[in-house]
Amino acid sequence: MRLKQALSRAAARTRQQLTHLDSQPLGRAVLVVVLLLDLFILMSIFDGLAAHTRQLTAPDEAIPHTCRAMVIDETWTTDNRLGRLAALATAGSASPYPPRDNKAEHHPLCAPYLDRIARIQADKALVRLFETHQKVEREVREQQLAIDRLKGAYDTSLLERMAGDTPGQTPVDASRAEFRTRTAALDGLKAQAATLAQTINARDDIQALWAVLDKPSEADRQQLRDDLQRLNFWFPVKQLGMQLIFLLPLFLVFRAWNSASLRGGRGLQTLVSAHLLVVSFIPILFKLVEAVYRIIPHRLLAALFEFLAAFRLVAIWHYLVMAAVIAAALGVIHFLQKKLFSRERLLERRIARGECQGCGKHLPADSAACPFCGYAQFSPCPHCQGLMHRHGRYCRHCGQPATRAPGADSPDHSPG
């Protein structure tokens, strides 16, 4: 109970600092300026936080997907490695942005592959060979598709001719001639593609890459798997540490400024420092929640899903998701109804707006009762006997708190 009261008082003080200047409510123009300042500072904090955190090497940077495919997954085979390398080389050359220079941050087992791929991407003549090879390969596929379609049309025409449905020999002969022409073109394209592939494979950088691609042992693969698992496990913790190194000094500076402003009675500085204190706390809270989720629930949920999938019980996962969403919706509804839109707050808003405490309609000036529903608006104050609002927390004459519970009412007249 004491903790709840302390938190309530702290929240009330914070709300007073955020919405008042020299004991006066903020005007709309001042509020707009303060909120724009809050938005600018919040965006600046997140931009600086992102730039600061990028100094930390992520698991995808230390062990990129290309290295994983080469070493761990072994998806680069003799049949497809030239095509995979061509996609990497041409993609790197087509990007308008220079690649990030973080070679020293790569895992030692990945560096030999990634260094050679970077040199290949930097060799413009070799990249042009890759682009030409890709173009010829596309023409080969297009020519093959055209031949397949032509072959189907030729077979159909030949069957119609044999059945006597189509007089003359022109469609069949034309299809046969086009088929021979396209087949010859396809053979030429295949020969050109083979020559280009041979030329590319003969380059020193390519041969060096193929040489290291055949070197990793099973022990190297297992070491890379273990290191990747360890990096993925500790990275959220390291990332949170980097983020707090950036965020905590800002928060402490704004906290010291706010405390000094309160002691010195500087109203304007108290207002601004209170807003900046709240704004600087938002990313701290957000990053803490994000880190906790990534470290604990995310991994537990992933493990749970894998466990259910192993026993073909994925349906239970969907049931759990629906149950969690229903529970969250119930919590949100309870909070909105009981906290934000409670009966007590409804009555406070009606009194503040000069509305009937019973039906909510706007009252004529100095109305002791509602002309629409007959609800009496005032009752005697237990301290000074003056008239106070029936649902007011304090007497409007003496300022003493009501002894009855706020919102108490006779059973025959309850506000709707």
Side-chain angles (χ1 to χ4, degrees), residues 45-77 80-81 84-85 87-88 91-92 95 97 99-118 121 209 212-213 215-248 282-314 316-318 320-321 324:
I45 288 176
F46 275 108
D47 287 343
L49 183 63
H52 180 75
T53 308
R54 278 197 296 269
Q55 299 177 91
L56 186 65
T57 303
D60 288 343
E61 295 172 335
I63 306 178
H65 291 285
T66 301
C67 180
R68 300 180 198 183
M70 287 179 165
V71 181
I72 298 177
D73 302 330
E74 300 181 81
T75 56
W76 281 49
T77 64
N80 65 18
R81 64 187 185 183
R84 288 176 176 269
L85 181 59
L88 286 176
S95 175
Y97 304 102
R100 183 185 174 192
D101 186 14
N102 61 348
K103 297 178 181 178
E105 299 173 349
H106 289 149
H107 192 280
L109 291 176
C110 293
Y113 309 95
L114 301 176
D115 290 347
R116 284 168 174 77
I117 291 176
Q121 290 175 330
L209 178 61
V212 297
L213 190 61
K215 282 185 178 180
S217 62
E218 185 58 36
D220 293 335
R221 295 188 178 92
Q222 187 59 45
Q223 179 184 348
L224 199 60
R225 292 191 194 99
D226 296 340
D227 292 344
L228 178 60
Q229 185 177 7
R230 184 172 60 256
L231 286 171
N232 285 327
F233 180 83
W234 287 110
F235 180 71
V237 180
K238 295 180 180 179
Q239 188 179 43
L240 178 61
M242 287 285 289
Q243 292 166 345
L244 292 180
I245 289 174
F246 179 85
L247 293 172
L248 287 180
I282 291 174
I284 294 177
L285 180 62
F286 178 79
K287 293 303 179 181
L288 285 173
V289 173
E290 181 185 39
V292 170
Y293 169 74
R294 292 179 61 184
I295 294 172
I296 301 177
H298 179 71
R299 292 175 180 172
L300 290 178
L301 292 176
L304 176 61
F305 182 83
E306 293 176 358
F307 174 78
L308 294 175
F311 292 93
R312 301 183 182 275
L313 298 174
V314 179
I316 296 179
W317 169 263
H318 294 281
L320 293 175
V321 170

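Computed over heavy atoms, backbone and side chain alike; hydrogens, waters and symmetry mates excluded. The first residue in the sequence is number 1, and the count goes up from there.
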* Is there a donor-acceptor pair closer than 3.5 Å between any side-chain N or O of Q239 and the backbone N or O of T53? -> no
* Which atom names give the shortest non-hydrogen contact between L213 and Y113, and what distance separates them? -> CA-CE2, 3.7 Å
* Roughly how far, to the nearest 0.5 Å, is CG of L231 from CG of D226? -> 11.0 Å
* Asked: Listed by chain and number, what are the side chain to side chain donor-acceptor pair (under 3.5 Å) partners of D220, not counting sequence neighbours?
  -> S217
* Closest contact, heavy atoms only, P283 versus F46 -> CB-CZ, 3.9 Å
* Could you check if a side-chain atom of T75 sits within less than 4.5 angstrom of a side-chain atom of R84, using non-hydrogen atoms only? => yes
* **Point-to-point distance, once rounded to the nearest 0.5 Å, from CG of L209 to CH2 of W76** => 6.5 Å
* Asked: Near Q229 CD, under 6.0 Å, is it more than 12 heavy atoms from other residues, nucleotides or ligands?
  -> no
Please tabulate, for side-chain N and O atoms in residues 65-72, each donor-acceptor pair with protein atoms closer than 3.5 Å (sequence neighbours left out).
{"from": "R68", "atom 1": "NE", "to": "I63", "atom 2": "O", "distance (Å)": "2.9"}
{"from": "R68", "atom 1": "NH2", "to": "D60", "atom 2": "OD1", "distance (Å)": "2.6"}
{"from": "R68", "atom 1": "NH2", "to": "I63", "atom 2": "O", "distance (Å)": "3.3"}

* Taking only residues at least two apart or on different chains, which pairs with a member in residues 284-293 satisfy salt bridge (Lys or Arg N to Asp or Glu O under 4.0 Å)? -> K287-E290
* **Results of side chain to side chain contact (heavy atoms under 4.5 Å, CB included) for D47 - residues two or more places apart only** => none
* **Derivation of the side chain to side chain contact (heavy atoms under 4.5 Å, CB included) call for L228 and H107** => CA-CA 9 Å; L228 178 60; H107 192 280; over 6 Å; no
* Asked: Does R230 have any salt bridge (Lys or Arg N to Asp or Glu O under 4.0 Å) partners at least two apart in sequence or in another chain, and if so, which?
  -> D227
* Distance, nearest 0.5 Å, that separates CD1 of I45 from CD1 of I282 -> 8.5 Å
* In a check of side chain to side chain contact (heavy atoms under 4.5 Å, CB included) between M242 and each of L247, V237, L56, which one passes? -> L56
* Straight-line distance of F286 CZ to Q243 CD, nearest 0.5 Å -> 9.0 Å
* For E74, which residues count as a side chain to side chain contact (heavy atoms under 4.5 Å, CB included) partner, sequence neighbours excluded? -> R221
* To do: Could you tell me the separation between the CZ atom of R116 and the CG atom of L85, rounded to the nearest 0.5 Å?
  => 12.5 Å
